Amino acid sequence: MLDLKLIRENSDAVEKALARRNGGFSVKPLVELDAQLRKVQSEWEQLRHRSNEISETFKTGKVPKDQMDTLRQESRELKKRLEEVEPLKNELETRLVELRLGIPNIPEPTVPDGQDETFNLEVHRWGELPRLDNPRAHYELGTELGCFDFQRGVKLAESRFTVLMEAGAKIERALMNFMLDFHSGRGYREVFPPILVNRQCMIGTGQLPKFEGDFYKCADDELYLVPTAEVPVTSLYRDEVLEEEQLPIYHCAYTPNFRREAGAAGKDTRGYIRQHQFNKVELVKFCLPESSPAEHETLTRDAELVLEALGLPYRRVLLCAGDLGFAAQKCYDLEVWFPAQGKYREISSCSNFGDYQARRANLKYRPSDGGKPRFMHTLNGSGVAIGRTLAAILENFQQSDGTVKVPAVLAPYLGGRTLLTPDGLR
RNA sequence: GGAGAGGUGGCUGAGUGGUCGAAAGCGGCUUCCUGCUAAGAAGUUAUCCGGCCAAAAGCUGGAUCGAGGGUUCGAAUCCCUCCCUCUCCGCCA
(Lines give C-alpha, C1' and ligand atoms only; values in the text may rest on other atoms or scores of the structure.)
Protein backbone atom coordinates (compact mmCIF):
# COMPACT_ATOMS: atom_id res chain seq x y z
CA MET A 1 0.00 0.00 0.00
CA LEU A 2 1.30 3.40 -0.88
CA ASP A 3 1.23 6.38 1.45
CA LEU A 4 -2.03 8.22 0.83
CA LYS A 5 -0.40 11.60 1.47
CA LEU A 6 2.27 10.83 -1.09
CA ILE A 7 -0.38 9.99 -3.67
CA ARG A 8 -2.43 13.04 -2.79
CA GLU A 9 0.44 15.51 -2.91
CA ASN A 10 2.52 14.00 -5.72
CA SER A 11 -0.04 12.24 -7.85
CA ASP A 12 1.73 13.10 -11.10
CA ALA A 13 5.06 11.73 -9.94
CA VAL A 14 3.43 8.57 -8.57
CA GLU A 15 1.50 8.13 -11.80
CA LYS A 16 4.68 8.49 -13.80
CA ALA A 17 6.56 5.99 -11.66
CA LEU A 18 3.74 3.46 -11.90
CA ALA A 19 3.66 3.86 -15.67
CA ARG A 20 6.96 2.00 -15.76
CA ARG A 21 5.02 -1.12 -14.82
CA ASN A 22 2.69 -2.97 -17.12
CA GLY A 23 -0.99 -2.87 -16.42
CA GLY A 24 -1.92 0.75 -16.85
CA PHE A 25 -2.23 1.63 -13.20
CA SER A 26 -3.60 5.06 -12.48
CA VAL A 27 -4.02 6.90 -9.22
CA LYS A 28 -6.40 9.47 -10.71
CA PRO A 29 -9.60 7.70 -9.60
CA LEU A 30 -8.06 7.33 -6.19
CA VAL A 31 -7.20 11.01 -5.94
CA GLU A 32 -10.72 11.99 -6.94
CA LEU A 33 -12.29 9.57 -4.51
CA ASP A 34 -10.04 10.84 -1.76
CA ALA A 35 -11.13 14.44 -2.35
CA GLN A 36 -14.76 13.37 -2.36
CA LEU A 37 -14.33 11.38 0.81
CA ARG A 38 -12.74 14.26 2.66
CA LYS A 39 -15.65 16.49 1.77
CA VAL A 40 -18.13 13.97 3.09
CA GLN A 41 -15.98 13.25 6.10
CA SER A 42 -15.88 16.93 6.94
CA GLU A 43 -19.68 17.16 6.91
CA TRP A 44 -19.95 13.99 8.95
CA GLU A 45 -17.55 15.39 11.52
CA GLN A 46 -19.49 18.62 11.78
CA LEU A 47 -22.69 16.72 12.41
CA ARG A 48 -21.00 14.63 15.06
CA HIS A 49 -19.51 17.74 16.59
CA ARG A 50 -22.86 19.46 16.99
CA SER A 51 -24.34 16.27 18.30
CA ASN A 52 -21.58 16.00 20.88
CA GLU A 53 -22.17 19.62 21.88
CA ILE A 54 -25.81 18.91 22.60
CA SER A 55 -24.96 15.90 24.74
CA GLU A 56 -22.47 18.09 26.54
CA THR A 57 -25.14 20.59 27.54
CA PHE A 58 -27.22 17.77 28.97
CA LYS A 59 -24.24 16.57 30.91
CA THR A 60 -23.97 19.86 32.83
CA GLY A 61 -27.57 19.43 33.93
CA LYS A 62 -28.20 23.14 33.55
CA VAL A 63 -30.65 22.89 30.67
CA PRO A 64 -33.95 24.70 31.13
CA LYS A 65 -36.91 22.38 30.73
CA ASP A 66 -38.30 24.11 27.65
CA GLN A 67 -34.98 23.86 25.83
CA MET A 68 -34.53 20.19 26.52
CA ASP A 69 -37.15 19.14 24.01
CA THR A 70 -35.79 21.51 21.39
CA LEU A 71 -32.31 20.10 21.80
CA ARG A 72 -33.55 16.54 21.77
CA GLN A 73 -35.37 17.34 18.58
CA GLU A 74 -32.30 18.89 17.00
CA SER A 75 -30.22 15.92 17.93
CA ARG A 76 -32.73 13.58 16.36
CA GLU A 77 -32.58 15.59 13.17
CA LEU A 78 -28.80 15.49 13.20
CA LYS A 79 -29.05 11.78 13.53
CA LYS A 80 -31.38 11.56 10.58
CA ARG A 81 -28.91 13.50 8.49
CA LEU A 82 -26.12 11.29 9.76
CA GLU A 83 -28.03 8.26 8.59
CA GLU A 84 -27.65 9.63 5.10
CA VAL A 85 -24.08 10.84 5.35
CA GLU A 86 -22.59 7.97 7.29
CA PRO A 87 -23.34 5.15 4.85
CA LEU A 88 -21.94 7.33 2.07
CA LYS A 89 -18.81 7.97 4.09
CA ASN A 90 -18.42 4.29 4.86
CA GLU A 91 -18.90 3.35 1.26
CA LEU A 92 -16.35 5.88 0.06
CA GLU A 93 -13.90 4.66 2.68
CA THR A 94 -14.35 1.07 1.61
CA ARG A 95 -13.88 1.96 -2.02
CA LEU A 96 -10.80 4.02 -1.23
CA VAL A 97 -9.20 1.10 0.59
CA GLU A 98 -10.07 -1.21 -2.30
CA LEU A 99 -8.48 1.17 -4.76
CA ARG A 100 -5.39 1.54 -2.61
CA LEU A 101 -5.03 -2.23 -2.29
CA GLY A 102 -5.14 -2.45 -6.07
CA ILE A 103 -2.19 -0.11 -6.62
CA PRO A 104 1.18 -1.88 -6.85
CA ASN A 105 4.43 -0.70 -5.34
CA ILE A 106 6.51 1.96 -7.07
CA PRO A 107 9.61 0.61 -8.87
CA GLU A 108 12.76 1.91 -7.26
CA PRO A 109 14.94 4.30 -9.37
CA THR A 110 17.69 1.70 -9.90
CA VAL A 111 15.18 -0.66 -11.52
CA PRO A 112 15.66 -0.62 -15.32
CA ASP A 113 12.88 0.25 -17.74
CA GLY A 114 11.26 -2.46 -19.80
CA GLN A 115 7.99 -4.27 -20.40
CA ASP A 116 8.99 -7.91 -19.99
CA GLU A 117 11.75 -10.30 -18.99
CA THR A 118 13.76 -9.57 -22.13
CA PHE A 119 14.64 -6.22 -20.54
CA ASN A 120 15.96 -7.77 -17.34
CA LEU A 121 19.63 -7.10 -16.70
CA GLU A 122 22.04 -9.89 -15.99
CA VAL A 123 24.15 -8.88 -13.02
CA HIS A 124 26.60 -11.76 -12.89
CA ARG A 125 27.07 -15.46 -13.50
CA TRP A 126 28.56 -18.12 -11.28
CA GLY A 127 29.80 -21.62 -11.95
CA GLU A 128 30.88 -23.61 -14.93
CA LEU A 129 28.28 -25.09 -17.20
CA PRO A 130 28.52 -28.90 -17.30
CA ARG A 131 29.91 -30.38 -20.49
CA LEU A 132 27.32 -32.92 -21.53
CA ASP A 133 26.91 -34.43 -24.97
CA ASN A 134 23.25 -35.21 -24.76
CA PRO A 135 21.92 -33.77 -21.57
CA ARG A 136 18.75 -35.57 -20.57
CA ALA A 137 15.78 -33.78 -19.12
CA HIS A 138 15.33 -34.12 -15.37
CA TYR A 139 11.91 -35.68 -15.77
CA GLU A 140 13.13 -38.52 -17.97
CA LEU A 141 16.23 -39.17 -15.97
CA GLY A 142 14.41 -38.73 -12.68
CA THR A 143 11.67 -41.15 -13.67
CA GLU A 144 14.24 -43.71 -14.75
CA LEU A 145 16.06 -43.33 -11.48
CA GLY A 146 12.84 -43.83 -9.58
CA CYS A 147 12.63 -40.31 -8.17
CA PHE A 148 9.37 -39.14 -9.73
CA ASP A 149 6.03 -40.79 -10.37
CA PHE A 150 4.18 -38.26 -12.48
CA GLN A 151 1.25 -40.48 -13.47
CA ARG A 152 0.34 -41.45 -9.95
CA GLY A 153 0.61 -37.83 -8.85
CA VAL A 154 -2.10 -37.00 -11.35
CA LYS A 155 -4.14 -39.97 -10.13
CA LEU A 156 -3.97 -38.76 -6.54
CA ALA A 157 -4.77 -35.13 -7.28
CA GLU A 158 -4.70 -33.73 -10.78
CA SER A 159 -2.15 -32.54 -13.31
CA ARG A 160 0.87 -30.70 -11.92
CA PHE A 161 0.97 -32.92 -8.86
CA THR A 162 3.82 -35.39 -8.55
CA VAL A 163 4.74 -38.18 -6.19
CA LEU A 164 8.36 -38.19 -5.09
CA MET A 165 9.59 -41.74 -4.67
CA GLU A 166 12.41 -43.10 -2.56
CA ALA A 167 15.66 -41.37 -3.58
CA GLY A 168 13.66 -38.44 -4.95
CA ALA A 169 11.84 -38.04 -1.65
CA LYS A 170 15.06 -38.43 0.29
CA ILE A 171 17.00 -35.87 -1.71
CA GLU A 172 14.09 -33.43 -1.49
CA ARG A 173 14.07 -33.87 2.28
CA ALA A 174 17.85 -33.57 2.43
CA LEU A 175 17.67 -30.28 0.52
CA MET A 176 15.04 -28.97 2.89
CA ASN A 177 17.13 -29.74 5.94
CA PHE A 178 20.34 -28.58 4.35
CA MET A 179 18.88 -25.18 3.43
CA LEU A 180 17.26 -24.67 6.82
CA ASP A 181 20.48 -25.56 8.62
CA PHE A 182 22.47 -23.40 6.24
CA HIS A 183 20.40 -20.28 6.85
CA SER A 184 19.76 -20.78 10.53
CA GLY A 185 23.53 -21.02 10.89
CA ARG A 186 23.78 -17.59 9.33
CA GLY A 187 21.46 -15.68 11.62
CA TYR A 188 18.06 -16.51 10.16
CA ARG A 189 15.80 -17.70 12.96
CA GLU A 190 13.88 -20.75 11.87
CA VAL A 191 10.08 -20.76 12.02
CA PHE A 192 7.53 -23.28 10.90
CA PRO A 193 4.29 -21.37 10.35
CA PRO A 194 0.73 -22.45 9.59
CA ILE A 195 0.21 -23.43 5.99
CA LEU A 196 -3.39 -22.30 6.02
CA VAL A 197 -3.71 -18.57 6.62
CA ASN A 198 -6.56 -16.12 6.89
CA ARG A 199 -7.41 -13.44 4.41
CA GLN A 200 -5.65 -10.68 6.35
CA CYS A 201 -2.31 -12.39 5.84
CA MET A 202 -2.89 -12.65 2.11
CA ILE A 203 -3.84 -8.99 1.89
CA GLY A 204 -0.89 -7.98 4.04
CA THR A 205 1.75 -9.31 1.69
CA GLY A 206 -0.06 -8.22 -1.46
CA GLN A 207 -1.55 -11.43 -2.91
CA LEU A 208 -5.12 -10.31 -2.32
CA PRO A 209 -7.48 -8.82 -3.32
CA LYS A 210 -5.89 -8.42 -6.75
CA PHE A 211 -5.01 -12.04 -7.54
CA GLU A 212 -7.93 -13.93 -6.06
CA GLY A 213 -7.88 -16.73 -8.64
CA ASP A 214 -4.24 -17.65 -8.15
CA PHE A 215 -4.59 -19.37 -4.80
CA TYR A 216 -6.27 -22.36 -3.20
CA LYS A 217 -8.95 -21.48 -0.73
CA CYS A 218 -10.83 -23.61 1.76
CA ALA A 219 -14.43 -22.96 0.89
CA ASP A 220 -15.90 -23.48 4.36
CA ASP A 221 -13.27 -21.70 6.39
CA GLU A 222 -12.08 -18.54 4.63
CA LEU A 223 -8.55 -19.88 4.84
CA TYR A 224 -5.98 -20.00 2.06
CA LEU A 225 -3.19 -22.48 1.38
CA VAL A 226 -0.01 -20.43 1.44
CA PRO A 227 1.50 -19.73 -1.99
CA THR A 228 4.81 -19.00 -0.21
CA ALA A 229 6.10 -18.89 3.36
CA GLU A 230 6.47 -15.14 2.81
CA VAL A 231 2.78 -14.80 3.62
CA PRO A 232 2.66 -16.23 7.15
CA VAL A 233 6.20 -15.20 8.11
CA THR A 234 5.80 -11.56 7.08
CA SER A 235 2.52 -11.54 8.98
CA LEU A 236 4.21 -12.76 12.17
CA TYR A 237 4.44 -9.22 13.55
CA ARG A 238 1.26 -7.87 11.97
CA ASP A 239 -0.44 -5.16 14.03
CA GLU A 240 2.52 -4.98 16.37
CA VAL A 241 4.93 -2.19 17.27
CA LEU A 242 8.44 -3.55 17.72
CA GLU A 243 11.31 -1.70 19.37
CA GLU A 244 13.99 -0.35 17.05
CA GLU A 245 16.58 -2.45 18.92
CA GLN A 246 14.77 -5.62 17.82
CA LEU A 247 15.51 -4.86 14.17
CA PRO A 248 16.73 -6.25 11.91
CA ILE A 249 14.93 -9.58 12.29
CA TYR A 250 15.86 -12.46 9.98
CA HIS A 251 13.72 -15.56 9.59
CA CYS A 252 13.98 -18.67 7.49
CA ALA A 253 11.07 -21.01 7.02
CA TYR A 254 10.26 -24.17 5.19
CA THR A 255 6.72 -24.63 3.91
CA PRO A 256 5.04 -26.43 1.10
CA ASN A 257 3.56 -23.88 -1.29
CA PHE A 258 0.35 -24.08 -3.25
CA ARG A 259 -0.37 -22.20 -6.44
CA ARG A 260 -3.16 -22.68 -8.91
CA GLU A 261 -0.88 -21.55 -11.77
CA ALA A 262 -3.99 -20.07 -13.32
CA GLY A 263 -2.23 -18.13 -16.05
CA ALA A 264 0.34 -20.80 -16.83
CA ALA A 265 -1.60 -23.15 -19.12
CA GLY A 266 0.81 -24.82 -21.51
CA LYS A 267 3.93 -23.64 -19.66
CA ASP A 268 6.32 -26.28 -18.34
CA THR A 269 3.72 -28.97 -18.71
CA ARG A 270 6.29 -31.71 -18.40
CA GLY A 271 8.48 -32.28 -15.45
CA TYR A 272 8.92 -31.01 -11.96
CA ILE A 273 9.47 -27.31 -12.72
CA ARG A 274 5.96 -26.01 -12.32
CA GLN A 275 3.81 -27.78 -9.76
CA HIS A 276 0.65 -26.84 -7.89
CA GLN A 277 2.40 -27.95 -4.71
CA PHE A 278 6.11 -27.42 -4.18
CA ASN A 279 8.56 -27.09 -1.33
CA LYS A 280 10.58 -24.01 -0.60
CA VAL A 281 12.77 -22.53 2.10
CA GLU A 282 12.07 -18.84 2.32
CA LEU A 283 14.12 -16.00 3.80
CA VAL A 284 12.30 -13.03 5.32
CA LYS A 285 13.79 -9.84 6.74
CA PHE A 286 12.32 -6.98 8.75
CA CYS A 287 14.52 -3.91 8.99
CA LEU A 288 14.85 -0.14 9.33
CA PRO A 289 13.94 1.85 6.21
CA GLU A 290 17.45 3.14 5.67
CA SER A 291 19.03 -0.29 5.66
CA SER A 292 16.72 -2.16 3.31
CA PRO A 293 18.84 -1.66 0.14
CA ALA A 294 21.89 -3.18 1.85
CA GLU A 295 19.77 -5.93 3.40
CA HIS A 296 18.47 -6.72 -0.06
CA GLU A 297 21.99 -7.30 -1.34
CA THR A 298 22.96 -9.57 1.56
CA LEU A 299 19.71 -11.50 1.37
CA THR A 300 20.23 -12.17 -2.31
CA ARG A 301 23.79 -13.17 -1.57
CA ASP A 302 22.59 -15.64 1.09
CA ALA A 303 20.36 -17.29 -1.50
CA GLU A 304 23.26 -17.44 -3.96
CA LEU A 305 25.47 -19.13 -1.39
CA VAL A 306 23.05 -22.05 -1.27
CA LEU A 307 23.46 -22.61 -4.99
CA GLU A 308 27.22 -22.23 -4.71
CA ALA A 309 27.37 -24.75 -1.89
CA LEU A 310 25.49 -27.16 -4.11
CA GLY A 311 27.71 -26.32 -7.06
CA LEU A 312 24.84 -25.34 -9.33
CA PRO A 313 25.67 -22.78 -12.05
CA TYR A 314 23.41 -19.77 -11.90
CA ARG A 315 23.11 -16.15 -12.82
CA ARG A 316 21.65 -13.16 -11.05
CA VAL A 317 19.20 -10.98 -12.93
CA LEU A 318 17.87 -7.56 -12.01
CA LEU A 319 14.22 -7.44 -12.97
CA CYS A 320 13.00 -4.56 -15.09
CA ALA A 321 10.00 -2.50 -14.00
CA GLY A 322 7.59 -4.42 -16.21
CA ASP A 323 8.61 -7.80 -14.78
CA LEU A 324 8.48 -6.72 -11.16
CA GLY A 325 6.08 -8.43 -8.75
CA PHE A 326 3.08 -6.48 -7.51
CA ALA A 327 4.40 -5.59 -4.06
CA ALA A 328 8.11 -5.35 -4.88
CA GLN A 329 10.02 -2.14 -5.42
CA LYS A 330 13.14 -3.98 -6.56
CA CYS A 331 13.84 -7.61 -7.26
CA TYR A 332 16.71 -9.92 -8.18
CA ASP A 333 15.94 -13.30 -9.65
CA LEU A 334 18.42 -16.13 -9.36
CA GLU A 335 18.29 -18.42 -12.34
CA VAL A 336 19.85 -21.85 -12.30
CA TRP A 337 21.20 -23.58 -15.38
CA PHE A 338 19.11 -26.36 -16.90
CA PRO A 339 21.31 -28.17 -19.43
CA ALA A 340 18.50 -30.06 -21.17
CA GLN A 341 16.61 -26.84 -21.82
CA GLY A 342 19.83 -25.01 -22.54
CA LYS A 343 18.76 -22.08 -20.43
CA TYR A 344 18.66 -20.49 -17.04
CA ARG A 345 15.41 -20.86 -15.10
CA GLU A 346 14.22 -18.97 -12.05
CA ILE A 347 14.94 -20.71 -8.76
CA SER A 348 14.83 -17.77 -6.39
CA SER A 349 13.28 -14.35 -6.31
CA CYS A 350 14.66 -11.81 -3.84
CA SER A 351 12.62 -8.67 -3.31
CA ASN A 352 12.76 -5.47 -1.38
CA PHE A 353 9.24 -4.28 -0.60
CA GLY A 354 10.16 -1.03 1.11
CA ASP A 355 7.29 -0.11 3.42
CA TYR A 356 4.65 -1.36 0.99
CA GLN A 357 3.88 -4.60 2.83
CA ALA A 358 4.45 -2.93 6.18
CA ARG A 359 1.62 -0.51 5.45
CA ARG A 360 -0.69 -3.31 4.40
CA ALA A 361 0.18 -5.56 7.29
CA ASN A 362 0.68 -2.73 9.80
CA LEU A 363 4.26 -3.58 10.75
CA LYS A 364 5.76 -0.82 12.85
CA TYR A 365 8.69 -0.12 15.09
CA ARG A 366 9.24 2.52 17.72
CA PRO A 367 12.40 4.56 17.03
CA SER A 368 14.88 4.47 19.89
CA ASP A 369 14.79 8.29 20.06
CA GLY A 370 11.23 7.85 21.36
CA GLY A 371 9.48 9.20 18.29
CA LYS A 372 6.21 8.02 16.82
CA PRO A 373 6.00 4.44 15.55
CA ARG A 374 7.09 4.14 11.93
CA PHE A 375 6.61 1.53 9.25
CA MET A 376 9.51 -0.87 8.89
CA HIS A 377 10.77 -2.33 5.65
CA THR A 378 10.31 -5.95 4.61
CA LEU A 379 12.26 -8.19 2.26
CA ASN A 380 12.15 -11.79 1.27
CA GLY A 381 13.66 -14.28 -1.11
CA SER A 382 13.60 -17.95 -1.86
CA GLY A 383 16.50 -19.63 -0.24
CA VAL A 384 15.79 -21.54 -2.51
CA ALA A 385 12.98 -23.42 -4.30
CA ILE A 386 13.55 -27.08 -3.44
CA GLY A 387 11.77 -28.90 -6.26
CA ARG A 388 13.60 -26.95 -8.90
CA THR A 389 16.85 -27.56 -7.07
CA LEU A 390 16.24 -31.30 -7.23
CA ALA A 391 15.52 -31.01 -10.95
CA ALA A 392 18.66 -28.91 -11.47
CA ILE A 393 20.81 -31.42 -9.58
CA LEU A 394 19.55 -34.22 -11.80
CA GLU A 395 20.29 -32.31 -14.97
CA ASN A 396 23.59 -30.72 -14.05
CA PHE A 397 25.22 -33.63 -12.30
CA GLN A 398 24.11 -36.45 -14.57
CA GLN A 399 26.85 -38.67 -15.88
CA SER A 400 27.26 -40.61 -19.10
CA ASP A 401 26.46 -43.90 -17.34
CA GLY A 402 23.01 -42.66 -16.31
CA THR A 403 23.85 -42.02 -12.68
CA VAL A 404 23.78 -38.67 -10.88
CA LYS A 405 26.38 -37.30 -8.50
CA VAL A 406 24.58 -35.69 -5.62
CA PRO A 407 26.37 -32.63 -4.12
CA ALA A 408 28.66 -33.55 -1.26
CA VAL A 409 27.09 -31.03 1.12
CA LEU A 410 24.01 -33.24 1.15
CA ALA A 411 25.92 -36.33 2.21
CA PRO A 412 25.27 -35.83 5.95
CA TYR A 413 21.56 -35.77 5.16
CA LEU A 414 21.69 -38.91 3.02
CA GLY A 415 23.56 -41.25 5.29
CA GLY A 416 26.76 -40.46 3.44
CA ARG A 417 25.41 -41.69 0.10
CA THR A 418 25.90 -39.32 -2.83
CA LEU A 419 25.59 -41.43 -5.95
CA LEU A 420 22.12 -41.77 -7.38
CA THR A 421 21.76 -44.98 -9.43
CA PRO A 422 18.82 -46.91 -10.88
CA ASP A 423 19.09 -49.06 -7.73
CA GLY A 424 18.79 -46.08 -5.45
CA LEU A 425 21.32 -44.04 -3.51
CA ARG A 426 24.79 -45.47 -2.96
C1' G B 1 -18.68 -30.72 19.51
C1' G B 2 -20.99 -29.55 24.89
C1' A B 3 -20.86 -26.32 29.42
C1' G B 4 -18.95 -22.03 31.76
C1' A B 5 -15.91 -17.46 32.06
C1' G B 6 -13.93 -13.48 29.58
C1' G B 7 -12.08 -9.82 25.64
C1' U B 8 -10.43 -2.26 28.42
C1' G B 9 -4.04 1.78 27.13
C1' G B 10 3.15 -1.25 26.28
C1' C B 11 1.63 -4.85 30.50
C1' U B 12 -1.52 -6.06 35.04
C1' G B 13 -6.24 -4.45 36.07
C1' A B 14 -10.65 -1.03 37.94
C1' G B 15 -14.77 0.81 35.76
C1' U B 16 -22.84 -1.25 34.84
C1' G B 17 -25.67 5.25 31.26
C1' G B 18 -23.01 11.66 31.21
C1' U B 19 -18.04 13.95 36.03
C1' C B 20 -14.28 8.21 31.23
C1' G B 21 -9.60 8.24 26.29
C1' A B 22 -10.52 5.84 30.75
C1' A B 23 -8.62 4.76 38.33
C1' A B 24 -4.52 2.31 40.38
C1' G B 25 -0.06 -0.40 39.85
C1' C B 26 4.03 -1.90 36.71
C1' G B 27 7.01 -0.43 32.74
C1' G B 28 8.93 3.87 29.62
C1' C B 29 10.53 9.05 29.22
C1' U B 30 11.98 14.02 31.42
C1' U B 31 13.66 16.97 35.39
C1' C B 32 15.33 17.52 40.42
C1' C B 33 17.82 15.60 44.71
C1' U B 34 21.53 12.50 46.19
C1' G B 35 26.04 10.27 44.96
C1' C B 36 27.88 5.06 44.26
C1' U B 37 25.57 0.69 41.94
C1' A B 38 20.73 1.57 44.05
C1' A B 39 16.91 4.73 46.04
C1' G B 40 13.63 9.04 46.48
C1' A B 41 10.51 13.35 44.61
C1' A B 42 7.78 15.79 40.75
C1' G B 43 6.00 15.73 36.01
C1' U B 44 4.99 13.10 31.68
C1' U B 45 3.60 8.72 28.83
C1' A B 46 -2.14 5.42 23.24
C1' U B 47 -3.30 5.10 18.04
C1' C B 48 -5.63 6.69 13.53
C1' C B 49 -8.05 10.41 10.30
C1' G B 50 -9.35 15.59 8.98
C1' G B 51 -8.68 21.19 9.34
C1' C B 52 -5.45 25.62 10.29
C1' C B 53 0.20 25.98 9.22
C1' A B 54 5.36 26.24 3.83
C1' A B 55 6.77 22.56 7.38
C1' A B 56 7.73 21.10 12.40
C1' A B 57 5.77 22.51 16.86
C1' G B 58 1.24 23.87 18.28
C1' C B 59 -3.94 24.59 18.21
C1' U B 60 -8.51 22.44 16.79
C1' G B 61 -12.47 18.73 15.12
C1' G B 62 -13.63 13.48 14.68
C1' A B 63 -12.95 8.19 15.64
C1' U B 64 -11.16 4.10 18.58
C1' C B 65 -12.44 0.06 25.44
C1' G B 66 -12.63 -7.52 20.17
C1' A B 67 -15.96 -6.48 15.27
C1' G B 68 -20.66 -4.99 13.38
C1' G B 69 -25.60 -3.31 14.32
C1' G B 70 -29.55 -1.40 17.87
C1' U B 71 -31.74 1.56 22.17
C1' U B 72 -30.75 6.83 23.98
C1' C B 73 -30.04 13.80 23.70
C1' G B 74 -25.73 10.75 25.40
C1' A B 75 -22.82 3.85 25.49
C1' A B 76 -16.54 0.84 27.72
C1' U B 77 -21.21 0.42 30.54
C1' C B 78 -27.94 -1.74 28.28
C1' C B 79 -29.84 -5.12 23.89
C1' C B 80 -28.78 -8.27 19.36
C1' U B 81 -25.35 -10.80 15.92
C1' C B 82 -20.51 -12.39 14.90
C1' C B 83 -15.24 -13.29 15.98
C1' C B 84 -11.54 -14.63 19.37
C1' U B 85 -9.26 -16.30 24.12
C1' C B 86 -9.30 -19.16 28.64
C1' U B 87 -11.20 -23.31 31.95
C1' C B 88 -13.73 -28.02 32.33
C1' C B 89 -15.86 -32.22 29.59
C1' G B 90 -15.93 -35.06 24.98
C1' C B 91 -13.14 -36.51 20.62
C1' C B 92 -8.49 -37.03 18.35
C1' A B 93 -2.42 -37.30 15.78
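Being a predicted model, the structure only gives us computed values, none of them experimental. Numbers restart at 1 for each chain; the letters A, B, ... are given by sequence-line order, proteins then strands.
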Given atom [atom1] of [X] and atom [atom2] of [N], what is their separation to the nearest angstrom?
X: R48(A); N: C73(B); atom1: CZ; atom2: P; answer: 14 Å
X: K372(A); N: G28(B); atom1: NZ; atom2: P; answer: 21 Å
X: I54(A); N: G74(B); atom1: CD1; atom2: C1'; answer: 11 Å
X: E45(A); N: A63(B); atom1: CD; atom2: P; answer: 8 Å

Mind checking if S55(A) touches a base, just sugar-phosphate, or nothing, with heavy atoms under 4.0 Å?
base

For the pair R50(A) and E53(A), find out whether any cationic side-chain nitrogen is under 4.0 Å from an anionic carboxylate oxygen.
yes

Charged N-O contact under 4.0 Å between R186(A) and D302(A):
yes

Determine the Euclidean distance between corresponding P atoms of A75(B) and G69(B); express it in Å to zero decimal places.
14 Å

Neighbour count above 12 (heavy atom, 6.0 Å) for K89(A) NZ
yes

Using the ring of Y250(A) (Phe, Tyr or Trp, six-membered ring only), decide whether K285(A) places NZ or CZ under 6.0 Å from its centre and within 45 degrees of its axis.
yes

Of all the nucleotides listed (U47(B), G50(B), G18(B)), which has the minimum atom distance to the side chain of R366(A)?
U47(B)

Near RNA chain B, which residues from residues 31-41 of chain A have a heavy atom under 4.0 Å away?
R38(A), Q41(A)

Keeping to residues at least two apart or across chains, list the salt bridge (Lys or Arg N to Asp or Glu O under 4.0 Å) pairs with something in residues 264-274 of chain A.
E261(A)-R274(A), D268(A)-R274(A), D268(A)-R345(A)

Just N and O in the side chain of N52(A): are any of them under 4.0 Å from OP1 or OP2 of G74(B)?
no

